[in-house]
Amino acid sequence: MEKAGVYIEHARDLEVYKRAYAVSLGVHRATLAFPKMEQFALADQLRRSSKAICANLAEGFAKQTHSKPEFARFISMAIGSCSEVETWISYAFDLEYITQAQRDDWLQSYARIYGMLVNLREKLR
């Protein structure tokens, strides 16, 4: 979590944003190797949901200057995207597009991100 007394200017300075961004880059790169028929289906869904976490944090963070509840709402949407990406990861594994090691690594990363998002939302209450 963020250090007490440290001023955060941008969403990209949040530790949860940095983690989610790094994992989403790996997801994006890996999905480029999915079969052509999946590029506009499963691969696209995985890319979109993984990137939506950071996008929702950025949009909500920008609005927090006038509405902390609005930021909390966007964090809730990021939590939803985190859950969504976990579902698509399971499909990718079950369809044998990713290895078990990749699945386990991504699911562990997203579980950590999910917890960080919940903690961040609680801090706003």
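Atoms considered below: every heavy atom in the structure, side chains included; atoms not considered: hydrogens, waters and symmetry mates. Since the structure is predicted, the reported quantities are computational estimates derived from the model, not experimental observations.
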Checking the side chain of D13 only, and the main-chain atoms of H10 only, is there a donor and an acceptor separated by less than 3.5 Å?
yes
Return yes if some donor-acceptor pair links the side-chain N/O of Q64 with the main-chain N/O of K68 below 3.5 Å, else return no.
no
Where does the angle between the aromatic ring planes of F34 and Y97 fall among parallel (under 30°), tilted (30 to 60°) and perpendicular (over 60°)?
tilted
Check: R47 main-chain N/O paired with S50 side-chain donor or acceptor under 3.5 Å:
yes
Hydrophobic cluster membership, Y17 vs I79, 4.5 Å side-chain cutoff:
yes
With the 4.5 Å side-chain cut-off for hydrophobic clustering, are F61 and F74 part of the same group?
no
Would you say OH of Y114 has more than 12 non-hydrogen atoms from neighbouring residues, nucleotides or ligands within 6.0 angstrom?
no
According to salt bridge (Lys or Arg N to Asp or Glu O under 4.0 Å), who are the partners of R73, at least two apart in sequence or on a separate chain?
E70
Transitively linked via ILVMFWY side-chain contacts under 4.5 Å: F40 with V27?
no
Cluster link M37 to Y91, ILVMFWY, side chain under 4.5 Å:
yes
By the definition side-chain contact (heavy atoms from CB on, under 4.5 Å), identify the one residue from D94, L46, D105 that meets it with I89.
L46
Test of understanding: clusters of I, L, V, M, F, W, Y form through side-chain heavy atoms closer than 4.5 Å, transitively. Do Y110 and M77 belong to the same one?
no
Side chains of R121 and S76 only: does a donor on one sit below 3.5 Å from an acceptor on the other?
yes
E122: partners by salt bridge (Lys or Arg N to Asp or Glu O under 4.0 Å), with sequence neighbours left out
R125
Mind listing the closest non-hydrogen atom pair of Q102 and T99 along with its distance?
N-OG1, 3.0 Å
Applying side-chain hydrogen bond (donor to acceptor under 3.5 Å, both in side chains) to Y21 and not counting sequence neighbours gives none
The salt bridge (Lys or Arg N to Asp or Glu O under 4.0 Å) partners of R29 (sequence neighbours excluded) come to none
Backbone N or O of T31 within a donor-acceptor pair of the Q39 side chain at under 3.5 Å?
yes
Mind listing the closest non-hydrogen atom pair of L57 and A11 along with its distance?
O-CB, 3.8 Å
Residues two or more places apart in sequence or in another chain: which of them pass side-chain hydrogen bond (donor to acceptor under 3.5 Å, both in side chains) with K18?
none
To check you understand the geometry: which heavy-atom pair defines the closest contact between S49 and E84, and what is its length?
CB-CD, 3.7 Å
Would you kindly say whether Q108 and R103 are connected by a side-chain donor-acceptor distance under 3.5 Å?
no
Could you list the residues that satisfy salt bridge (Lys or Arg N to Asp or Glu O under 4.0 Å) with D44, not counting sequence neighbours?
R48
